[in-house]
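Worksheet: one structure, shown below.
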2 protein chains.
Amino acid sequence: MRSSLAEQQETMEAGAAALQPPSVRQQAVLDAVLALMVEGGEQLTMDAVARRASCSKETLYKWYGDRDGLLTATVQWQASRVHAGREAVQALDGTTLREHLQDFAVSWLTVITSRTSVALNRIAVAHAGSRKSNLGGIVLANGRFAIGERVKPVLEAGRAAGLLAFADSEAAFRTFFGLVGRDIQIRLLLGEALDLDADEIRRDAGRAVDQFLALYGQAKA
Amino acid sequence: MRSSLAEQQETMEAGAAALQPPSVRQQAVLDAVLALMVEGGEQLTMDAVARRASCSKETLYKWYGDRDGLLTATVQWQASRVHAGREAVQALDGTTLREHLQDFAVSWLTVITSRTSVALNRIAVAHAGSRKSNLGGIVLANGRFAIGERVKPVLEAGRAAGLLAFADSEAAFRTFFGLVGRDIQIRLLLGEALDLDADEIRRDAGRAVDQFLALYGQAKA
DNA sequence: CCAGTACCGTACCGTACGGTACGCTCGATA
DNA sequence: TATCGAGCGTACCGTACGGTACGGTACTGG
């Protein structure tokens, strides 16, 4: 008996890339799930997914094992296309450092304010309450922690170039994270409307970067 | 026909104080709900609540109208005992300003890391997804916004005393909020263990206050 | 002592939803 | 053309849970 996708995932760590990427048809199913999550009008039931994806429930169960498996696959599918590869960090000067940080801040704000992210995080948070199949862990691994791992090398390169001063890059990153996100994510998750356009995001990101550099920058920056 | 508590609440704005505080027995019921939320082992069903509170389901429905009414009342009950009254802000010097900010930071961190807050926020976030009865709004009003309204006068007093410099107290508060909370709340909501003891909270708060003062403090501070 | 009220405990109802079974179609392979 | 597997649509099952009904009990006011 061929092992189902669900069984396959069980042995994996949260957030690891899927061993076997979903087929095109499977991607369409997962996109249907995302669409339903985002619209939110309808309950996210297996029937609704099947109807939306024009597939049978039996297929859903064959592919994903159970409802949790489907949700997990959806979260991973979304995660798989969010973060691009990490580019190598070469020598930095003050300007490029600032640009890098600005880019991170903008893309992070863009992600967390997107309807998809809000919907997905809501599901994951709700799920984290009732244990079993840690969607929360996957979301954290691909969100907060993934960006941390991408930002920290930049911070360290900044320090190596004498532009930044800090002892612990993790702590420095967390401060950056706080300055960028502030109360935005929790307000969105709790249902506030609060939509930022690209301009506001850029300004917000700029302010956060300025503040971060004010706290951690060396004279040279 | 006497209007039920649920109907009574409908006409109120999110987060306003209850017109008629719950009776002692009703408080016990709401505490039972909170206890169930925090333990999380059991599903939060009306049956479970009735069993835990040793009351009949019929009574629950009489008092609260429906499940949402019960949840709403629970959130408001918890909110009602979280925030103490706002003390008047008198003249500030650098030391007392720092103390005030430190107190806010400590109490905010203590709240958001408490199991009760995490459980309640999870419920509210989940609820915010499916519209109807805005628990999210209530939680926001009594959490994030309530503390904002308490902190901003202190910031303004600090500015009046020449200790702080900022144009917009809301923006300054949001920075403070971000520096204090960082990634803590979202990590907890998404299920990370991450328990801070009182010492860590105090250190964290101190760091946040230092950073805030570094950004907004005037020479005098 | 009697009515009325509040409320507990429990049984019950309806339905929504997770999960399964099955018949049918369609495309691929021999 | 016959066979087969993948997968769609639909019907079905069991159960959990929101909500209601009702009998029994204890307390209160007359």
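Below, chain A is the first sequence line, B the second, and so on; all start at residue 1. Values below: all heavy atoms of this structure, side chains included; hydrogens, waters and symmetry mates excluded.
One can place CG of A:Asp66 at 14 Å from C1' of C:dC17, the figure rounded to the nearest angstrom. Rounded to an integer number of Å, the gap from B:Met46 CE to C:dA16 C1' is 17 Å. Here D:dA16 presents its P atom at 17 Å from CG of B:Leu44, a figure rounded to the nearest Å. Between B:Tyr64 atom OH and D:dG18 atom C1' there is a gap of 17 Å when expressed in whole angstrom units. The separation between B:Leu60 atom CG and D:dC17 atom C1' is 14 Å, rounded to whole Å.
The existence of a salt bridge linking B:Asp199 and B:Arg202 is confirmed by a sub-4.0 Å separation between a basic side-chain nitrogen and an acidic carboxylate oxygen.
A donor-acceptor pair shorter than 3.5 Å cannot be found between the side chains of A:His127 and A:Asn134. A donor and an acceptor atom, one from each side chain of A:Gln211 and B:Tyr216, are located under 3.5 Å apart.
For B:Gln43, the CD atom is loosely surrounded, since the number of other residues' heavy atoms within 6.0 Å does not exceed 12.
Distances from the side chain of B:Tyr61 to the nucleotides D:dC17, D:dT20, C:dC17 place D:dT20 closest.
Among all heavy-atom pairs drawn from B:Gly148 and B:Pro153, the shortest one is O-CD, 4.5 Å.
The stretch residues 103-120 of chain A participates, sequence neighbours left out, in these side chain to side chain donor-acceptor pair (under 3.5 Å) pairs: A:Ser117-A:Asn121.
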With the sugar-phosphate defined as primed atoms, P, OP1 and OP2, and the base as all remaining atoms, what B/S/- string results for nucleotides 7-14 of chain D, 5' to 3', for protein heavy atoms under 4.0 Å? SBB-----

